[in-house]
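Down below is the structure, laid out as structure tokens.
Computed from a prediction, not measured in an experiment: that's the story for all the values here. Lettering of chains follows the sequences in order, A, B, ..., and the numbering in each one begins at 1.
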There are 2 protein chains.
Amino acid sequence: MAFTDLNQLRTFVVLYELRSVTAVAERLHVTQPTVSYTLRRLRTRFGDELFRREGHDMVPTSRATQLFGPIQEALAQIDATVNETEAFDPAKFTGELMLGLTSIGEQTFLPPIMTALAQEGARPHLQVERLDSGEVEDGLTRGTIDLAITVSMIGSPGLWRSHVRAVEYVALVSGAHPLPPTGPGMFAGRHFLRVSARGGHIFPLQVLTDNGLMQQVVLTVEEYATVPAVLEATDLVVLLPRHVAEVFCGWFPGLLIADLPWPGQSTPVSLYTRRDASLTPAQRWFRSLVLGAVRE
Amino acid sequence: MAFTDLNQLRTFVVLYELRSVTAVAERLHVTQPTVSYTLRRLRTRFGDELFRREGHDMVPTSRATQLFGPIQEALAQIDATVNETEAFDPAKFTGELMLGLTSIGEQTFLPPIMTALAQEGARPHLQVERLDSGEVEDGLTRGTIDLAITVSMIGSPGLWRSHVRAVEYVALVSGAHPLPPTGPGMFAGRHFLRVSARGGHIFPLQVLTDNGLMQQVVLTVEEYATVPAVLEATDLVVLLPRHVAEVFCGWFPGLLIADLPWPGQSTPVSLYTRRDASLTPAQRWFRSLVLGAVRE
DNA sequence: GGCCACCTATAGATGGTATCTATGTGGGCC
DNA sequence: GGCCCACATAGATACCATCTATAGGTGGCC
């Protein structure tokens, strides 16, 4: 019952990651019909369509998704074993590393990461990608990003999670329009600026709804980056993580931080990668470096 | 740097397990020169001889041993993933299962195992092999045995270990020559029958040496099975695990068990298999069945 | 709505290579 | 020393993965 041609699985894995027959052909240095032919044999072997064409994507069927994890892991293990484990040297590594961040994480996390890189004398080509929280799991699984830091909780068994720090939310306002002391009525008569929850920060949305303050929201923006300038010019209030608020206070010394009157059952910020068996030495090194740099 | 032909690895793994090019050819349904050719390419690829011919064996080099573990595991994972996980049905399974035992384990462990098999309505072809303790690790790793129960401790990272029971050692003698009550001088003037430690039972050897009793050893045998008949006919004393002694008392009611005067820092009996990822459903099922049957 | 661009699937030809048969070679073992 | 068994090599062959060329779909855009 053994699989007769293990090489086909390599095509399968790359196709799952790239979701394009043509792209796979380029990556594997073969022509497109070759990949189509391999795909046909895979389909016959598994008795499943595996990838359905939907617009410009080859989207995996549930069977394909189910197969991908263990197979990808197994092939990664083979590659790691077979390729002479020449001790990884950070200083010599110049490859690409994809760091996925949701929301305003760059401001807090990128500086310490860059410092740590410099200390090790490492000069990888670091690429930071801003992701919606829903894209993180898919990006890591498919290998389009190497490492992600996000406030959203991802429970995928194929991913490796590590605690980075707790998130405490605070209110931020212009110094020209200070808030009364922290207490239940501190937001009476005030209006809110809200940042969309696409980055995973659902706490503000939740707390505003729970306390009947959604009517006081007068502006919703997509990006945290636009927040401080708006606050400076208005009397709006925004709820955001303390570490972000502190960065903004550094930019605009006129801003004021105020504690919230609600007990903060905060979601922690976590770091995610694939599971160890699927990581390259470079990725493993990068993970421990980032973890050391940003963990509280 | 990806391995270009994964199929070669299948040959590598089987060759490591069978240690014979010809046997691999038969197993994989190809001719012997085909395997030789594949082996040559593997040797070129890895820049290592991998298998050196020594007499009738192809013995693996250290590089080959180092490669085998992870690759075998990866291929097993692929097979497990790819082969439709049709729920394993013990009642329908009629394959072969190799149970490795050291020393006299059969007497104690086989009856409950057979009972458990009958209760599940399972009829596998169970084959019991008597092994020296040093052969256990190699047999499991190479897949020549599916499961082993032994008193020896094996610390291989590729193996899965589970506690079965503690071993308490006792003295066994003929009723015609009873021992004095348990105490430091209880063996004064008595002579010992010793069973060789090939099965892993090193405790008796150790305790006899430590207490200066090795001079009183007058007979050393290879097998526990010969012990009770000899005891019946002589005034010799033997040190052995209580569960073995009890079996012997069942055979020869004239035998007497006596506790030892030394605190028994006993080695536990353990059950070993390969790690989970490398097990077939049948092996996994068998392991839990055996464990349930023999665990104390 | 219909045309165009892009992507995947199929057809037929071809070359590479894994496999085969036949034979050489080298270590154990009596 | 010579026989036997097992692995290695040589040359022939057949298979099949890959190629080029083309057809079939699907979405986007005017």
Can you tell me how far [atom2] of [N] sits from [atom1] of [X], to the nearest Å?
X: B:Gln8; N: C:dT17; atom1: CD; atom2: C1'; answer: 11 Å
X: B:Glu49; N: C:dG26; atom1: CD; atom2: P; answer: 15 Å
X: B:Leu15; N: D:dC7; atom1: CG; atom2: C1'; answer: 11 Å
X: A:Arg53; N: D:dT26; atom1: CZ; atom2: C1'; answer: 5 Å
X: B:Arg40; N: C:dA18; atom1: CZ; atom2: P; answer: 11 Å
X: B:Leu42; N: C:dA18; atom1: CG; atom2: C1'; answer: 14 Å
X: B:Arg41; N: C:dG16; atom1: CZ; atom2: C1'; answer: 12 Å
X: B:Asp5; N: C:dT17; atom1: CG; atom2: C1'; answer: 10 Å

Phosphate oxygens OP1/OP2 of [N]: is one of them under 4.0 Å from a side-chain N or O of [X]?
X: A:Ser20; N: C:dC7; result: no
X: A:Thr34; N: D:dC19; result: yes
X: B:Thr31; N: C:dC20; result: yes

So, does the side chain of A:Gln32 form a donor-acceptor pair with the base of C:dA9 at under 3.5 Å?
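For A:Gln32, whose side chain was compared with the base of C:dA9, there is a donor-acceptor pair (under 3.5 Å).
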Side-chain donor or acceptor of A:Thr65 paired with backbone N/O of A:Thr61 under 3.5 Å:
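Indeed, once roles are kept as given, a pair shorter than 3.5 Å links the two residues.
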Assess, by modelled atom type and distance only, whether the side chains of A:Thr38 and A:Arg41 contain a donor and an acceptor separated by less than 3.5 Å.
yes
Do B:Thr22 and B:Ser20 pair up side chain to side chain, a donor and an acceptor below 3.5 Å, judged on atom types alone?
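Side chains of B:Thr22 and B:Ser20: no pair found under 3.5 Å.
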[X] side-chain proximity, nearest of [options]:
X: B:Ser36; options: D:dA21, C:dA18, D:dC7; answer: D:dC7
X: A:Thr22; options: C:dC7, D:dC7, C:dT21; answer: C:dC7
X: A:Thr38; options: C:dT19, C:dA11, D:dT18; answer: D:dT18

Across the strands shown, which category fits A:Arg19 at heavy-atom distances under 4.0 angstrom: base, sugar-phosphate, nothing?
nothing
Looking for any heavy atom pair under 4.0 Å, which part of the strands does A:Arg52 touch: base, sugar-phosphate only, or nothing?
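Since no nucleic acid heavy atom lies under 4.0 Å of A:Arg52, the category is nothing.
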Using 30° and 60° as the class limits, which term best fits the ring planes of A:Phe68 and A:Tyr16: parallel, tilted or perpendicular?
parallel
Check this for me: A:Arg161, atom CZ, are more than 12 non-hydrogen atoms of other residues, nucleotides or ligands nearer than 6.0 Å?
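More than 12 heavy atoms, drawn from other residues, nucleotides or ligands, come within 6.0 Å of this atom.
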